[in-house]
Structures are given as structure tokens and as C-alpha cells.
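The structure appears right after this line, and notes come after that.
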2 protein chains.
Amino acid sequence: MVRRPETPRSRQATPRFHRASAQVRREALVEATLACLRRYGHEGMSVRRISRQAGVSAGLINHHFPSITTLVAAAYQTLADSLLRSMRRHAQDPDLTPRQRLHRYFEASFAPDQIDPGVFHCWLVFWSRIAHDDEMRAVHERTYGDYRAVLEQLLGELQPAASAHFRLREAATALGALMDGLWLEASVFPGRFKAASAVRLCDDWVSALCDGALPGLRASAQRLQRERP
Amino acid sequence: MVRRPETPRSRQATPRFHRASAQVRREALVEATLACLRRYGHEGMSVRRISRQAGVSAGLINHHFPSITTLVAAAYQTLADSLLRSMRRHAQDPDLTPRQRLHRYFEASFAPDQIDPGVFHCWLVFWSRIAHDDEMRAVHERTYGDYRAVLEQLLGELQPAASAHFRLREAATALGALMDGLWLEASVFPGRFKAASAVRLCDDWVSALCDGALPGLRASAQRLQRERP
DNA sequence: GCGCTTGTTGAGCAAGCGCTCAGCGGCAGG
DNA sequence: CCTGCCGCTGAGCGCTTGCTCAACAAGCGC
């Protein structure tokens, strides 16, 4: 370990560290956390690994965050926020028809940057912590509400032009499930699943929904006719 | 810690351990592993926790398995096998029509014992280990092949009666994704999602598939007309 | 009843974990 | 230029981890 030579207070070539505002430092630590989770999965959730990734000492993490679980919760919030921002960007483009907005949103959801195995690792870590960590659960609940709200908005704008009325809330949940399932499949088996076909399946599902081809989601009338198929 | 009293070789009330064949012991350790993963998630994957659950000493695990990752891979295989057995039970019941077999299979897939958060934890652990562990990846590949094969069989038996022909392999993958997505949704948000509606969504999707309402999966003719929606 | 095979034990090791805190030193304000 | 605040460092604490291996003892075959 090379210590600074015998000139005790002289100017030195490179400062041993630099200072930053709490805001900037916290964001940098969150970014480092996401990088570690992407690369190492669960084993990336370590004070030493994250601090090395951020280029700071291990102690700094507990200076800015009460514990590492809070840092991970902040990382979850950050990732979810960026996802939601991307959703809203597509959901509000006024130059497109509602159908086109949904299509664009599908394309964005299955773009290579979303199918990346690193992103998958992040979600695995987040999900597995929800059961034991109240902070994580709070972020999770909040996030999911917003997430489904945007999907509801996108589907709701489709409703007027559709030949069949559907139950909006259930349809949004179901579409979310379909998308998550396709995303999961693509993430667990990278390369075996083409993004284009995932988009196609979502578009087709929405078409079927609008055409009334999914009776379980049709509004009113039949409550729940559970005829055997 | 109560040691055995001063009669060194006398008969004692209870033996300190009992012996078992390698086969029996391995199965017991696998069961203990699944129990720990269910209860504690990632933190359950520990030599000490699993051995305590199995009622044996920590050292025994490395006597029967070269490392704990091998034991977890064996647990993955066991869980996947039992799932597959259950699938085949439904897939081969000769007293039912193909459509009914699929319906039963949907019902079994969303039964309370599958939606259990413990089962979800197991899968999270398995998935997160796939990326870094060759043994896990091997089990994963093998398992998924069998899994999709059964789905293909179930859908294939539907084909003759369907009014539209569909591409079997892609349809099986897509149906698997839909089911996994619904299962995921139900597992991540326990209680917010009713099993009955998941079954209904799957049945509806299959109906749409058979009626040709999912053009992206129709066989032959149009290769990939990517018209904008 | 006795000996032997061998399944089982558990202390021990090195490595890594989250977190603490005394003190170093970057850098702004005087 | 020099002072002092405070962001930052990193050795160190107590703990858990996976795994090893010498010693122990269950229970079969005699």
C-alpha cells in the first residue's frame, strides 16, 4: 500500500478523494448499485462491491444510507421511475392514434435494452426482497399502481373505437400479465424468442380484445358464465 | 449442551443419529432445501439452515453433494419433475376432450398450491442462479424442453377441431408465456388476482387461437405481414 | 455379544458480510 | 495563505458463509 511520501502537507499529484453533495453522491451510489445488480445479481448486493463500483470507500454507503437495504430500495424506485417515464412518453405522443401508441409501447417494452439479462437480474433481486423488506414492499405497491394506471389509460383511449366494450381494469391487468410473461420468457431464455413476435402477440391480443373475442373481459351482461369449454 | 453421561459405551435412551442409504438421504436433503427456499428465499440457501431443517449436521451435506449449488440444482430438478408429472397427468386423461384437458391443466396451474409465495421464492432463487451456474442452466434447458413439449401436445390435439390452423411451436411458447405472466402477477401480488379469471383468460386465448383471431400465429400463407395497426 | 464398516458429527478455517467510528484531508470562506 | 468544517476513509468488530477432516458411533454380519 503506497502511502503519500514524506512531504506531509505538500500539494500532491492526485487528491485521494473528492467531495460531492449528498444529492449527487446518493444518485451515484444508486447507479453503482444498479450496475452491480445487473452484473452479479444477488451477489452484487454487497457494500464492498457497490462501493468499489462507485469508486468510493465502503463506509460511505452507510454515511448516505442507513443500511444497504434502503439503498437497494432506492435503486428499485429509480429503475421503476425510468420505466414509467418511458411508458408515459409513449402514452402521450399526440401525433399517434391510440392503437399506434400501444404498438409503440409494445415495441419499446421488448427492445433489446429491456430484454437484457442484467435488467432481469435486477428485477429478480427486487422481487425476492419484497417478501422480507417493508421498504421494498412500499416501493413495489406504489410503482405497480402507477404502472397499471398508464396501461389503463392506453387501453381506455381504445375503448371508443372498439366494437366490443371490455372491463378496463381487468383488461389492463391481463395485458400487463401477458407482457410480463413474454418479457419473462425472453429474459429467461435469451435469444430463443424474437422481440418482433412478442410485439405481434400483444397487438393480436389487443385486437381480439377490441373485437370481443375475449368473452371473459367483456363488460356487463353475462356476469361469470362458467360454462365448461 | 448436554453431553452423554459418564457411562461411555452403555446403551443410551436415544441414538445420537441414524443412518440412511445415500438415496434416501439425498432425497431428504432435497426436500429440506425446498422447504428452506420456500420459507426464507435466497437466505434459505445455506448449508447450516438446510441441515438444521433436515435434522442433520452441516457436514452431511458435503458428504452427499459436492457443493451446495449441486444440491440446489437437484432441488430444481425435483420441483420441475413434480410439475411436469402433474402436467402429464392432465395431458393424458383419456376420459376428457382435448379442450377439457387444457382447461383442467389451466385450473391445476393456478390452484392455490401453485400460487403460494413459497413456490414463487423457489423459482426466483432458481432463475437467479441460472446465469452463473452451469449445473442450473443444464437443468433449466432440459426442463423447459419437456415443459413446452407437453404444451405442444395439448395444443396439437386441439388442432384438428380448430377452424384455423396455427403454428404449433410458436403457439405453445406464447401460451406458456401467457400462463407464466398470469402466474407471476398472482405471485407478486398475492390476493389481488383471482385464479378463476386467470383460467378464463387462458381459455379465451385458446379459443381466439382456434378461431384464427390471432393472425400472428396462423400457419402458412402470410409470412410476416408487419402492417401498422 | 462383538468387531468393522462407513455414515455421521461438529469444531475449525479462511473468506466475506453489514456496519461503526476515530481521524484524515479536500476545499471553501476569511 | 491559512483555518476549520465536514465529507470521506478504512481498519476493525462480530457475525455468517461454504467446506474440510479427524474422530465418533450405528447397526450389520458374524
Atom-pair distance (CD1 on B:I61; P on C:dT9), nearest Å: 11 Å
Any-strand Watson-Crick or G-U partner of C:dG26, both distances under 3.5 Å: D:dC5
Euclidean distance, atom CZ of residue B:R52 to atom P of C:dT9 [Å, nearest integer]: 14 Å
C:dC17 OP1/OP2 closer than 4.0 Å to side-chain N/O of A:R49: yes
Rounded distance in Å - NE2 (B:H64) to P (D:dC19): 15 Å
Show me the donor-acceptor pairs, under 3.5 Å and distance only, between side chains in residues 130-139 of chain B and residues at least two apart or in other chains.
unit_1	atom_1	unit_2	atom_2	d
B:D133	OD1	B:E135	N	2.9
B:D133	OD1	B:M136	N	3.4
B:D134	OD1	B:R137	NH2	2.4
B:E135	OE1	B:T70	OG1	3.1
B:E135	OE2	B:T70	OG1	3.1
B:R137	NH1	B:I130	O	2.9

Nucleotide C:dT20, atom C1' - distance to CG of A:L60 in whole Å: 14 Å
Sugar-phosphate only, base, or nothing, as touched by B:A20 at under 4.0 Å among non-hydrogen atoms: sugar-phosphate
Side-chain N,O (A:H63) to OP1/OP2 (C:dC19) below 4.0 Å: no
Of B:R19 and B:A58, the one whose closest DNA chain C nucleotide lies more 5': B:R19
Donor-acceptor pair (no angle test) under 3.5 Å: A:R25 side chain, D:dG7 base: no
Within residues 27-45 of chain A: residues closer than 4.0 Å to DNA chain C (heavy atoms): A:M45
B:R16 side chain near C:dG10 phosphate (N/O to OP1/OP2, under 4.0 Å): yes
Rounded distance (Å) that lies between atom P of C:dA28 and atom NE2 of A:H18: 12 Å
Stepwise ring-ring contact (aromatic ring centres under 6.0 Å, His included) check, B:Y40 with B:H121: CA-CA 8 Å; B:Y40 305 108; B:H121 285 149; 9.9 Å; no
Whichever of B:T69 and A:G59 has its nearest DNA chain D nucleotide further upstream toward 5': A:G59
Ion pair check, B:D93 and B:R89, cut-off under 4.0 Å: no
For atom CZ of B:R129 and atom P of D:dG18, their distance in whole Å: 10 Å
Phosphate OP1/OP2 of C:dG10: any B:S57 side-chain N/O under 4.0 Å: no
Residues, nucleotides or ligands: over 12 heavy atoms within 6.0 Å of B:E43 CD: no
Residue A:R148 excluded, over 12 heavy atoms near CZ under 6.0 Å: yes
Residue B:R25 excluded, over 12 heavy atoms near CZ under 6.0 Å: yes
Side chain to side chain contact (heavy atoms under 4.5 Å, CB included) between B:W183 and B:W123, worked out: CA-CA 12 Å; B:W183 170 82; B:W123 285 103; 3.7 Å; yes
Distance test, side-chain N/O of A:S46 to OP1/OP2 of C:dG18, below 4.0 Å: yes
Nearest to side-chain heavy atoms of B:R48, which nucleotide of C:dG12, D:dG7, C:dC19: C:dG12
Side-chain N or O of B:S67 closer than 4.0 Å to phosphate OP1/OP2 of D:dG18: no
Length of the CD-C1' vector between A:Q23 and D:dG7, whole Å: 16 Å
NZ/NE/NH1/NH2 to OD/OE distance under 4.0 Å, A:D146 and A:R142: no
B:N62 CG - C:dG7 C1' separation (whole Å): 15 Å
